[in-house]
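Each chain gets a letter, A, B and so on, in the order the sequences are listed, and its residues count up from 1.
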Number of protein chains: 2
Amino acid sequence: MPKISESEWEIMKTVWRENPLTAEQIVQQLPKDTEWSDQTVRTFINRLMKKRALGYHKSGRSYQYYPLISEKECVRAESKSFLNRVFNGAAGLMMTNFLEETQLSDKEIERLQQILTEKQGRDPQDPSRP
Amino acid sequence: MPKISESEWEIMKTVWRENPLTAEQIVQQLPKDTEWSDQTVRTFINRLMKKRALGYHKSGRSYQYYPLISEKECVRAESKSFLNRVFNGAAGLMMTNFLEETQLSDKEIERLQQILTEKQGRDPQDPSRP
DNA sequence: AATCAACTATTACAAATGTAAATATAACCC
DNA sequence: GGGTTATATTTACATTTGTAATAGTTGATT
């Protein structure tokens with residue numbers, strides 16, 4: 001799993017959301033507050049190709065880029081890294097911390113409670129069988 | 001809030017856990033699997049001083065280092081950065097994701113449920129008054 | 001006081017990252 | 001087919017990070 005830098009994450013998120021995309025489309029679909037020049041974005045795209053995080057196929061004069069690695073995998077890797085760096089890997093601690101610091105809507109709270117209830121009492125070694 | 005790199009986080013976590021500490025003590029208290037040379041650790045300490053994340057007072061021939069920034073603040077900043085980078089700032093999404101991917105003990109699940117119950121139904125604009 | 005040993009401070013250097021300019025390439029228009 | 005121009009590729013350069021080695025300082029020792 002290649003290491004994706006902060007800036008590169010913006011590119012990847014855009015391409016995950018919709019693909020394939022040309023470089024120009026990527027530029028357009030980045031958050032409006034992004035202040036990178038076109039060339040900068042193209043540099044990031046290129047680095048992601050070198051890392052084998054993006055692939056492409058030609059289309060006319062330009063390329064159409066698409067992800068070679070899944071968002072799920074990247075999210076998982078990045079989450080793990082964050083968890084270890086900041087909370088020494090203690091997921092429970094991390095979550096109590098987030099819950100305490102974060103404002104959540106009632107809807108979200110219910111959703112979380114539902115997930116927790118489902119998890120509860122299940123054999124930890126066999127999550128598929130309640 | 002200075003940006004703390006991955007390696008620097010290890011130093012800070014050690015010093016937050018107990019302080020003040022001399023450089024040598026920091027070296028000793030790092031996780032056993034850390035393979036940095038003494039000099040490397042001292043480099044990190046120095047960079048943290050430049051960033052004003054660590055302070056010191058002299059003690060005999062060596063320094064005793066202590067944190068100038070709180071763990072809470074750093075955790076908050078790093079969490080926010082992670083949340084934005086990976087989940088576009090959507091804390092609810094982040095937490096459902098973590099809950100689904102993470103194995104938690106029944107104890108931890110109960111603790112989380114308790115926090116959720118406490119949060120529930122409270123005025124989001126005035127968390128102090130239930 | 002001169003020396004030694006332990007620390008700290010400075011310097012080094014490669015890789016990654018942020019930010020882009022310059023150059024090469026190739027598709028499209030005439 | 002040749003020029004134009006949009007795209008991609010290469011090159012550039014400063015900063016940060018990882019990883020130390022080397023040089024400088026100072027309290028301790030004889």
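- For the pair B/Gln64 CD and C/dT8 P, the interatomic distance rounds to 10 Å; values are reported in whole Å.
- Which of D/dT7, C/dG18, C/dC7 sits closest to the side chain of A/Glu24 comes down to D/dT7.
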Assess whether salt bridge (charged side-chain N to carboxylate O under 4.0 Å, His left out) is satisfied between B/Glu110 and B/Lys107, documenting all intermediate values.
CA-CA 5 Å; B/Glu110 273 168 40; B/Lys107 198 127 224 145; over 6 Å; no
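- One finds a side-chain N or O of B/Lys51 lying less than 4.0 angstrom from the OP1 or OP2 phosphate oxygen of D/dT17.
- Position along DNA chain C of the nearest nucleotide to A/Thr43 versus A/Gly60 favours A/Thr43 as the more 5'-ward residue.
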Which is it for A/Arg47 and A/Glu8 under the salt bridge (charged side-chain N to carboxylate O under 4.0 Å, His left out) test, yes or no, and what are the steps along the way?
CA-CA 8 Å; A/Arg47 287 182 182 164; A/Glu8 289 163 355; 5.4 Å; no
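- Without hydrogens or angle criteria, B/Lys3 side chain to B/Lys51 main chain gives no donor-acceptor distance under 3.5 Å.
- Atom CD of B/Glu8 is separated from atom C1' of D/dG18 by 10 Å (rounded to the nearest Å).
- OP1 and OP2 of C/dT8 both lie 4.0 Å or more from every side-chain N or O belonging to B/Tyr56.
- The side chain of A/Lys3 contributes no N or O atom lying less than 4.0 Å from OP1 or OP2 of D/dT17.
- As a whole-Å value, the separation of B/Leu48 CG from D/dT16 P is 14 Å.
- Scanning for side-chain contact (heavy atoms from CB on, under 4.5 Å) contacts around A/Lys80 gives A/Asn84, with sequence neighbours left out.
- Contact of B/Arg47 with D/dT15 (side chain to base): no donor-acceptor pair of N or O atoms is detected under 3.5 Å.
- Of all nucleotides listed (C/dA27, D/dG27, C/dT8), C/dT8 comes nearest to the side chain of B/Gln39.
- Phosphate proximity of D/dT7 to A/Thr22: absent, as no side-chain N or O sits under 4.0 Å from OP1 or OP2.
- In terms of phosphate contacts, A/Lys58 brings a side-chain nitrogen or oxygen within less than 4.0 Å of OP1 or OP2 of C/dA27.
- Contact annotation for B/Ser62: backbone-only contact, meaning every heavy-atom pair under 4.0 Å involves sugar-phosphate atoms and none involves a base.
- Under 4.0 angstrom from either OP1 or OP2 of D/dA20 there lies at least one side-chain N or O belonging to B/Thr40.
- Distances shorter than 4.0 Å separate none of the side-chain N or O atoms of A/Arg61 from OP1 or OP2 on D/dA6.
- Taking atom CD of A/Glu10 as the reference point, atom P of C/dT19 lies 12 Å away to the nearest angstrom.
- For A/Gln25 and D/dA6, the CD to P distance is 16 Å, given to the nearest whole Å.
- Taking atom CD1 of A/Ile45 as the reference point, atom C1' of C/dA20 lies 14 Å away to the nearest angstrom.
- Counting only N and O atoms by type, the side chains of B/Gln25 and B/Glu18 include no donor and acceptor under 3.5 Å apart.
- D/dT7 atom P lies 16 Å from atom CE of A/Met49, rounded to whole Å.
- Across C/dC7, C/dT10, C/dT17, the shortest atom-to-atom separation from the side chain of B/Asn46 is found for C/dT10.
- Between B/Arg76 and A/Glu100, no side-chain nitrogen of the basic residue sits less than 4.0 Å from a carboxylate oxygen of the acidic one, so the salt-bridge criterion is not met.
- Atoms CZ and CG, from A/Phe82 and B/Leu83 in turn, are 8.5 Å apart once rounded to the nearest 0.5 Å.
- For the pair A/Ser37 and C/dT19, the criterion of a side-chain N or O lying under 4.0 Å from OP1 or OP2 is not met.
- Closest to the side chain of A/Phe44, out of C/dT19, C/dA6, D/dG18, is C/dT19.
- The phosphate of C/dG18 has OP1 or OP2 within less than 4.0 Å of a side-chain N or O from A/Ser5.
- With rounding to whole Å, B/Glu35 atom CD is found 16 Å from D/dG18 atom P.
- The shortest distance between the side-chain N/O atoms of B/Tyr63 and the OP1/OP2 oxygens of C/dA6 is not below 4.0 Å.
- Dashed line: the shortest gap from a side-chain N or O of A/Ser7 to OP1 or OP2 of C/dG18 is under 4.0 Å.
- Side-chain proximity of B/Trp36 to D/dT7, C/dT8, D/dT19: nearest is D/dT19.
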